[in-house]
There are 2 protein chains.
Amino acid sequence: MTSSESGIRGRSGTAHSGSEPAAGLMSGAAARLRIAAPSVADRVAAELRLQLAQGMLLPGARLTESTIAEQLGVSRNTVREAFAELAGERLVIRQPNRGVFVATLEAGDVHDVYTVRRAIEVSAIRGGGSPERVAAVRAAVEEGKAAAAANDEEGLGNANQHFHGAIVALAGSRRLNTIMSQVLAEMRLFFHKATVDAHFYRGYLADNEKICLALEAGELDRAGDLLLAYLDRSEKKQGAVHGK
Amino acid sequence: MTSSESGIRGRSGTAHSGSEPAAGLMSGAAARLRIAAPSVADRVAAELRLQLAQGMLLPGARLTESTIAEQLGVSRNTVREAFAELAGERLVIRQPNRGVFVATLEAGDVHDVYTVRRAIEVSAIRGGGSPERVAAVRAAVEEGKAAAAANDEEGLGNANQHFHGAIVALAGSRRLNTIMSQVLAEMRLFFHKATVDAHFYRGYLADNEKICLALEAGELDRAGDLLLAYLDRSEKKQGAVHGK
DNA sequence: ATTGATGGATTGTTGAACAATCCAGTTTTT
DNA sequence: AAAAACTGGATTGTTCAACAATCCATCAAT
């Protein structure tokens, strides 16, 4: 249902003739001083990122240039540029002369990803953060509770990601934030296997609550230790779900 | 002297006619099972990365597609793909409809970069590492001493980067390693201003030695604290050299 | 001095072309 | 029959040429 043939195209192009008034994709972030409209390639990348996140494109799947170009009403070269972006984010893998494939995470990659998370998240929480940022962490915890109450499995997963995103955001570092979102995107990629287990995130609710409490109480070192333990356990569980 | 007109091109292309036997650019890493030869776009990106690192392209400089395409004997589209890569690494910035420019680090960025380094490096050193990896750290320290003895200013800078690279490598995480090298590449980008001060790295030699000793002694927490202090001081010095 | 054209340069995107490479299926060889 | 060599088709890698959209500096007009 999420736009398969609607097209991405915005303005020019020899073949273009109609004059639809620029479909409402960019409403909010339009007029930021000097930060300009995303290029078509960017929008293609965004669309693919979305499909990746929603599990429409499963790990290992092949992405054929011409097919996608056609589906999105865009030229092959533009798709190529989008691929370059996504490859930089490790969401797809380019095999020269063979094509690009949705990235697959091996057992080793799981550990690797958690190593990054440990470094970033623990460091961020140990540094504390402004009251507003702490409040954002709290908000994510409550979001998780609400989703649990509503039996909204997907919402629970999202809340969990928001929680960890908010923790990293404590540090207020643009780079740390983007690194974290890339890592989370990578994980989402292969969560689609794990999420079949409905109770997957349930167990984390209490952990998140405890970590948040420690953070709010200013007991940063303890919060860090809790988070670290959490990540270790989470990694183990992940490893169990996947091969080896 | 570093190849300005020699060209990057490898194989095909309508305009190509000669038959030079593939200049010896890829000797060692050629036959790695299934890991294939880099594309032309990749080589263009690599060449630019090099020029960036060597300060041939200074922050803020404009990179015109057609010019570079011509200089490197490559098509504009290929240059474009290379730009996408570099933009993903934050080495260049794309301003829609205006062009790509060598990235410039503002005062805020300096702090941001150091925030990332604190997170990654401290976490890595606190985790310790195998004897070989510790040995690599030691090697970087000695490399620095040798450079100092030889009054090799550039070598000193390199050694320092190797030192910090080796520390991150302790964690044995592919992702952490690439993140670190990207960050270091970013820093190199604007070190060209700072390096005018010949004594810049001198002062760090003793610090590196102390950190390395603590690491070798297995006093990981202390090593982490030392490293943290080091980074804070280094950031302050950086901030002083640059605006505010 | 501000505002408004004008034109040139550069980017964004497309479409078409062709060489290089890979792959699966088929033919040949041993 | 198993292994090796040869197909042809599909897809990628790269180039080129074209044109719309956008920016920018210069100049003109108010």
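We name chains A, B, ... by the order of the sequence lines, and we start the count at 1 in each one. Please read all numbers here as calculations on a predicted model, not as lab measurements.
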Between Asp112(B) and Arg175(A), does any side-chain N to carboxylate O distance fall below 4.0 Å? yes
Given dG15(C), dT15(D), dT11(C), the nucleotide with the shortest approach to the side chain of Thr78(B): dT15(D)
What residues form a side chain to side chain contact (heavy atoms under 4.5 Å, CB included) with Ser123(B), not counting sequence neighbours? Ala119(A)
Gap between atoms CG and P, on Asn97(A) and dT12(D) respectively (whole Å): 10 Å
For the residue pair Arg174(A) and Val116(B), establish whether any side-chain heavy-atom pair is separated by less than 4.5 Å. no
Are OP1 or OP2 of dT14(D) and a side-chain N or O of Ser39(B) less than 4.0 angstrom apart? yes
Let me know, please, whether Phe83(A) or Val79(B) comes out on the 5' side of the other along DNA chain D by nearest nucleotide. Phe83(A)
Which whole-number value in Å describes the distance from Leu72(A) CG to dG15(C) P? 13 Å
To the nearest angstrom, the CZ-P distance between Arg98(A) and dT11(D) comes to 13 Å
Quick one, Asp232(A) and Arg118(A) - any side-chain contact, counting heavy atoms below 4.5 Å? yes
Between the side chains of Arg98(A) and Glu65(A), is the shortest nitrogen-to-carboxylate-oxygen separation below 4.0 Å, so that they form an ion pair? no
Considering only dT11(C), dG12(C), dT14(D), which nucleotide approaches the side chain of Arg62(B) most closely? dT11(C)
To the nearest angstrom, how far is Arg94(B) atom CZ from dC23(D) atom P? 15 Å
For Arg80(A) and dA17(C), give me the distance from atom CZ to atom P, rounded to whole Å. 19 Å
Can you tell me the distance, in whole Å, between the CD atom of Glu70(A) and the P atom of dT13(C)? 20 Å
Strictly below 4.0 Å, N to O, side chains only: are Arg94(B) and Glu81(A) in salt-bridge contact? yes
Glu65(A) side-chain proximity, nearest of dC16(D), dT12(D), dT14(C): dT12(D)
Could you check which of dC23(D), dT21(C), dT14(C) has an atom nearest any side-chain atom of Asn77(B)? dT14(C)
What's the CD1-C1' distance between Ile93(A) and dT12(D), to the nearest Å? 17 Å
Could you give the CZ-to-P distance, from Arg76(B) to dT11(C), as a whole number of Å? 7 Å
Dot-bracket for DNA chain D, please. Rules: Watson-Crick or G-U, both distances under 3.5 Å, ( ) within the strand, [ ] when a pair crosses earlier ones, | for another strand, . otherwise. ||||||||||||||||||||||||||||||
Mind checking what makes salt bridge (Lys or Arg N to Asp or Glu O under 4.0 Å) contact with Arg133(B), not counting sequence neighbours? none
